[in-house]
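For clarity, every value in this text was computed on a predicted model and none was experimentally measured.
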Amino acid sequence: MLNFQRKQDRSAAVGSAFREIVESLASDNKTQQMAAAILMRRFFDGNSEQGAGRTPYASEAVAVIAGLLREAETDQIQKVLADGLRYAPSLSRADLQGCNLTRAFLGYREGDKKVVDLTHADLFEADLTGASLRGVNASGAVFYRAALVNAVLANGILTGADFREARLAGATFDGARLTGAQFLGASDVPANVSCLLDSNGKVVSEEPV
C-alpha cells in the first residue's frame with residue numbers, strides 16, 4: 001500500500017511539473033520560455049525526476065513540441081525545441097506535419113547509443129531547411145512537399161520514404177539507403193539520387209547512394 005501511495009505521489013508530481021513547464025512555454029518572458037524548452041527534454045529521460053523511471057509523459061512532450069513548432073518563427077527557442085526531439089524515446093509515426101524544424105539537429109553523432117527513429121513519421125510540408133538527419137532511420141517516413149533545402153540525410157535509412165514534391169536544393173544523401181523511396185515531382189533532386197530513379201520517380205536500386 002505504501003509503495004502504491006509513493007507511486008501515486010510521484011506520478012502526480014511529474015504531472016504537475018509537466019503542466020508547469022507547458023505553461024512556462026506559453027510565457028511572454030523569453031528567458032522563461034528558453035528554460036522551459038530545455039526542461040522539456042527531461043520528460044524523455046527515464047533517469048530524471050520528470051521521467052520517473054519510465055518517461056510517462058514522453059508522447060505528450062513530443063505532441064506539445066510539435067504543436068509549438070507549427071507556429072514557431074525561426075529563432076533560438078524554435079531550434080532548442082526542435083533539437084529536443086532527438087532525445088525522445090521514439091519518433092516513430094510521430095505527427096510532425098508542418099513543423100518548423102529549420103536547422104534542427106536530429107542526426108547521429110559519434111558516441112550516441114541509438115539513432116533517431118523516424119520510421120513512418122509524418123513530416124508533410126515540414127520545414128527542414130538546413131536540418132541534419134544524418135544516419136537517422138526514417139524508413140517509410142513522409143516528406144511529401146517538405147522543404148529539405150541544404151538538409152543532410154547522409155547515411156540515413158530512407159527506404160520507402162516519400163519525397164514527392166519536396167524541395168531538395170543542396171540536400172545531401174551520400175551513403176543513404178533509398179530503395180523504394182519516391183521522388184516524383186521533387187525539385188532539385190541531387191544528381192547521385194536522380195540517376196537511381198525509374199520513370200515513376202522511384203528508387204529501384206538496393207545499393208546505398
Side-chain angles (χ1 to χ4, degrees), residues 25 34 37-46 51 55 57-163 166-178 181 186 190 193 208-209:
L25 284 168
M34 179 64 77
I38 294 169
L39 287 172
M40 282 294 280
R41 300 179 187 184
R42 293 190 177 186
F43 295 100
F44 300 142
D45 182 0
T55 61
Y57 281 84
S59 59
E60 287 86 349
V62 170
V64 168
I65 291 172
L68 291 169
L69 289 174
R70 289 189 182 99
E71 305 295 331
E73 297 181 3
T74 301
D75 59 15
Q76 273 305 110
I77 292 175
Q78 168 266 327
K79 178 163 170 53
V80 169
L81 285 169
D83 287 353
L85 288 171
R86 77 183 299 272
Y87 296 95
S90 175
L91 294 173
S92 179
R93 302 188 183 279
D95 181 1
L96 300 174
Q97 288 190 22
C99 286
N100 183 354
L101 296 165
T102 301
R103 301 179 299 120
F105 184 82
L106 300 175
Y108 177 84
R109 59 188 172 196
E110 190 173 351
D112 284 349
K113 294 181 179 179
K114 65 181 183 69
V115 300
V116 173
D117 181 4
L118 278 166
T119 54
H120 302 286
D122 189 348
L123 293 115
F124 170 72
E125 291 192 341
D127 189 347
L128 291 134
T129 300
S132 174
L133 283 78
R134 182 185 298 275
V136 302
N137 183 356
S139 177
V142 175
F143 295 97
Y144 180 51
R145 297 181 63 181
L148 289 152
V149 177
N150 295 323
V152 178
L153 298 103
N155 301 319
I157 300 174
L158 305 168
T159 52
D162 183 355
F163 292 97
R167 288 176 283 154
L168 300 172
T172 57
F173 288 85
D174 297 358
R177 295 188 174 274
L178 288 166
V193 174
V209 176

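For Tyr87, the ring pair (Phe, Tyr, Trp, His ring centres under 6.0 Å) test picks out no residue, with sequence neighbours left out. With sequence neighbours excluded, the residues satisfying side chain to side chain contact (heavy atoms under 4.5 Å, CB included) with Leu158 are Ala138, Leu153, Ala161, Phe163, Phe173, Ala176, Leu178.
Heavy-atom neighbours of Arg167 CZ from other residues, nucleotides or ligands within 6.0 Å: at or below the threshold of 12.
Just one of Leu85, Leu81, Asp127 meets the side-chain contact (heavy atoms from CB on, under 4.5 Å) condition when paired with Leu101; it is Leu85.
Side-chain contact between Thr74 and Arg103 is present, with heavy atoms from C-beta onward closer than 4.5 Å. Using a 4.5 Å heavy-atom threshold, the side chains of Gln78 and Leu68 count as separate. The shortest distance between side-chain heavy atoms of Phe44 and Val62 falls below 4.5 Å. Taking the side chain as every heavy atom from C-beta outward, Arg86 and Leu91 never approach each other to under 4.5 Å. Two residues are said to be in side-chain contact when any heavy atoms from C-beta on lie closer than 4.5 Å; Phe143 and Leu148 meet this criterion. At least one side-chain heavy atom of Ile65 sits less than 4.5 Å from a side-chain heavy atom of Met40. For the pair Leu118/Leu96, a side-chain contact is recorded, criterion being any heavy-atom separation below 4.5 Å from C-beta on.
The backbone N or O of Asp174 lies less than 3.5 Å from no partner atom in the side chain of Thr172, so there is not a single donor-acceptor pair. In this structure, Asn100 contributes its side chain and Ala72 its backbone to a donor-acceptor pair below 3.5 Å. Between the Arg70 side chain and the Gln97 main chain, a donor and an acceptor come within less than 3.5 Å of each other. Checked by atom type and distance alone, the side chain of Asp83 never pairs as donor or acceptor with a backbone atom of Val80 at under 3.5 Å.
Taking 4.0 Å as the cut-off between side-chain N and carboxylate O, Asp122 and Arg93 do not count as a salt-bridged pair.
Annotation: the span from Asn150 atom CG to Leu128 atom CG amounts to 12.0 Å, rounded to 0.5 Å. Summarising the geometry, atom CZ belonging to Arg109 is positioned 6.0 Å from atom CG belonging to Asp112; distances are rounded to the nearest 0.5 Å. Within the model, atoms NZ of Lys79 and CG of Leu69 stand 11.5 Å from one another, a figure rounded to the nearest 0.5 Å.
Smallest separation of non-hydrogen atoms from Gly135 and Tyr108: CA-CB, 4.4 Å. What you find for Asp95 and Ala66 is that their closest heavy atoms are O-CB, 3.8 Å.
For the side chain to side chain donor-acceptor pair (under 3.5 Å) condition, the pairs that include at least one residue of residues 132-141, sequence neighbours left out, are Ser139-Thr159.
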